[in-house]
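Numbering of residues begins at 1 and proceeds along the displayed sequence. The analysis underlying the following values was restricted to heavy atoms, covering all of them including side chains, and did not include hydrogens, waters or symmetry mates.
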Amino acid sequence: MQGWSRAGLWLFAAGIVGLGLTAIAGIDVVIGLEPLAADVPGRRLIGFGSGLFLVAMGVCFLVGRTRRRAALAVGWLFALWVLVLHAPHLLRHPRDGGGWTTCFEVFALGGAAWVLAGLSGASALRPVGAPPAILGRAMYGISLPVFGILHFVYARYVASVIPAWIPGHTGWAYATGVAHAAAGLAIVSGVKRRLAAILEGAMFAIWVVILHAPRVAAAPTDHNRNEWTSLLIALAMAGGAWLIAGSSTPGREK
């Protein structure tokens with residue numbers, strides 16, 4: 001499964017580096033993922049520092065000697081964002097669908113980082129059962145049914161962003177929600193985990209090509225950073241899913 005691990009590594013690293021670059025370019029926080037209020041002192045400086053950190057760690061993912069420590073660091077940063085920034089907001093605003101989405105995106109990406117940390121080998125990524133990988137798979141898997149539920153609750157919005165040339169927008173909104181939930185259950189339970197992770201990653205990768213890339217190209221300048229963030233999250237989520245596929249040892253699944 002080195003092929004899936006390698007593909008996942010490059011996509012995940014590209015997504016993390018890209019998210020860091022959006023913060024550096026905007027001299028601001030990572031939109032959505034790092035929801036600091038506008039009146040927080042030093043918000044722009046904090047965001048710029050976060051961007052530098054993500055770029056540096058994403059590059060370190062690609063170097064065998066630094067990969068594990070960089071992946072652990074990114075996982076801890078995202079865990080901190082969930083606990084300090086997202087959880088308090090959701091306690092105050094439990095009906096904020098966007099808040100739930102971004103919270104579990106951060107949670108899933110932190111899990112993907114820990115899956116990467118659990119993959120052993122300086123030059124070759126091999127499937128292992130190290131604690132970071134086990135925890136990371138659970139975090140990523142738990143997030144997917146949340147996305148599935150949100151697809152049902154906000155089916156009208158999901159349908160509205162599907163490209164016009166694809167028929168049956170509402171049907172696809174529900175179908176992708178079911179796919180998220182099924183993949184999450186498979187990843188957490190271990191039943192057909194590898195297959196579920198491969199298909200989940202493929203779904204995110206397809207969205208990057210047919211949904212997010214055209215929206216980036218068409219977005220006005222003042223909204224372009226939002227679209228880039230959405231594209232890069234989908235790219236990193238695809239990479240995370242394929243890292244999970246590569247971390248699943250053949251013959252040990254249920």
Side-chain angles (χ1 to χ4, degrees), residues 1 4-5 7-8 11-12 15-16 19 32-33 71 74-75 78-79 81-82 86-87 90 94 96-119 132-155 157-159 161-162 171-212 229-248 253-254:
M1 297 303 296
W4 291 114
S5 297
L11 291 185
F12 187 65
I16 295 301
L19 289 169
L33 302 189
V74 169
F78 286 174
W81 285 359
V82 168
H86 290 276
L90 290 176
D96 182 1
W100 283 103
T101 299
T102 53
C103 175
F104 277 90
E105 285 172 345
V106 176
F107 192 66
L109 293 176
W114 282 342
V115 170
L116 178 58
L119 288 167
I134 295 171
L135 175 60
R137 285 196 298 256
M139 291 168 63
Y140 190 101
I142 288 169
S143 301
L144 297 182
V146 177
F147 299 150
I149 292 169
L150 291 168
H151 272 228
F152 276 79
V153 174
Y154 299 99
Y157 168 76
V158 175
V161 300
I162 295 174
W172 280 110
Y174 290 131
T176 52
V178 171
H180 275 317
L185 292 174
I187 289 171
V188 171
S189 69
V191 178
K192 300 297 182 183
R193 175 187 293 139
R194 189 182 309 109
L195 176 61
I198 291 169
L199 294 176
E200 181 73 14
M203 184 166 68
F204 274 115
I206 290 170
W207 291 350
V208 168
V209 175
I210 70 171
L211 172 62
H212 294 292
T229 300
S230 296
L231 182 152
L232 292 164
I233 289 171
L235 189 69
M237 289 292 293
W242 286 345
L243 285 170
I244 290 171
S247 75
S248 302
E253 292 183 331
K254 296 178 183 178

- Within the side chain of H180, is there an N or O that forms a donor-acceptor pair under 3.5 Å with the backbone of E200? no
- Message: Is there a side-chain contact between I244 and Y140 in this structure, where contact means two heavy atoms from C-beta onward sitting under 4.5 Å apart?
- Response: yes
- Begin from the C-alpha positions of F78 and I16 and carry the test side chain to side chain contact (heavy atoms under 4.5 Å, CB included) through to its verdict. CA-CA 11 Å; F78 286 174; I16 295 301; 4.0 Å; yes
- For the atom pair NZ (K192) and CD1 (I198), what is the distance rounded to the nearest 0.5 Å? 11.5 Å
- Message: Nearest 0.5 angstrom please: I162 CD1 to L211 CG, how far?
- Response: 8.0 Å
- Note on the structure: Closest non-hydrogen atoms of A112 and F12, given as atom of the first, atom of the second and distance, are CB-CE1, 3.7 Å
- Note on the structure: In terms of heavy-atom contacts, A71 and A117 come closest through CB-N, 3.7 Å
- Message: Is there a side chain to side chain contact (heavy atoms under 4.5 Å, CB included) between V74 and L116? Walk through the geometry before answering.
- Response: CA-CA 10 Å; V74 169; L116 178 58; over 6 Å; no
- Message: Around atom OH of Y157, are there more than 12 heavy atoms from other residues, nucleotides or ligands closer than 6.0 Å?
- Response: no
- Item | Check: V178 and F152 side chains under 4.5 Å, non-hydrogen atoms | yes
- Nearest heavy atoms of L144 and I187, plus distance in Å: CD1-CD1, 3.9 Å
- Query: How many angstroms lie between atom CG of L185 and atom CD1 of I142, to the nearest 0.5 angstrom?
  - Reply: 10.5 Å
- Query: In Å, rounded to the nearest 0.5 Å, how long is the span from CG of L109 to CE of M139?
  - Reply: 9.5 Å
- Item | Shortest non-hydrogen contact between F107 and S143, atoms and distance | CD2-OG, 3.3 Å
- Nearest-0.5 Å distance that lies between atom CG in L33 and atom OG1 in T229: 7.0 Å
- Minimum heavy-atom distance G246-S5, with the two atoms named: CA-OG, 3.2 Å
- Query: So which heavy atom on A197 is nearest to which on W242, and how close?
  - Reply: O-CD1, 3.7 Å
- Going by distance alone, is a donor N or O of one side chain under 3.5 Å from an acceptor N or O of the other, for H212 and S230? no
- Side-chain contact, heavy-atom cut-off 4.5 Å: V208 with L11? no
- Task: Could you grab the distance from atom CH2 of W207 to atom OG1 of T176, nearest 0.5 Å is fine?
- Result: 5.0 Å
- Query: Side chains of F147 and E105: closer than 4.5 Å at any heavy-atom pair?
  - Reply: yes
- Query: Do any N or O atoms from the side chain of W114 and from the backbone of R137 form a donor-acceptor pair under 3.5 angstrom?
  - Reply: no
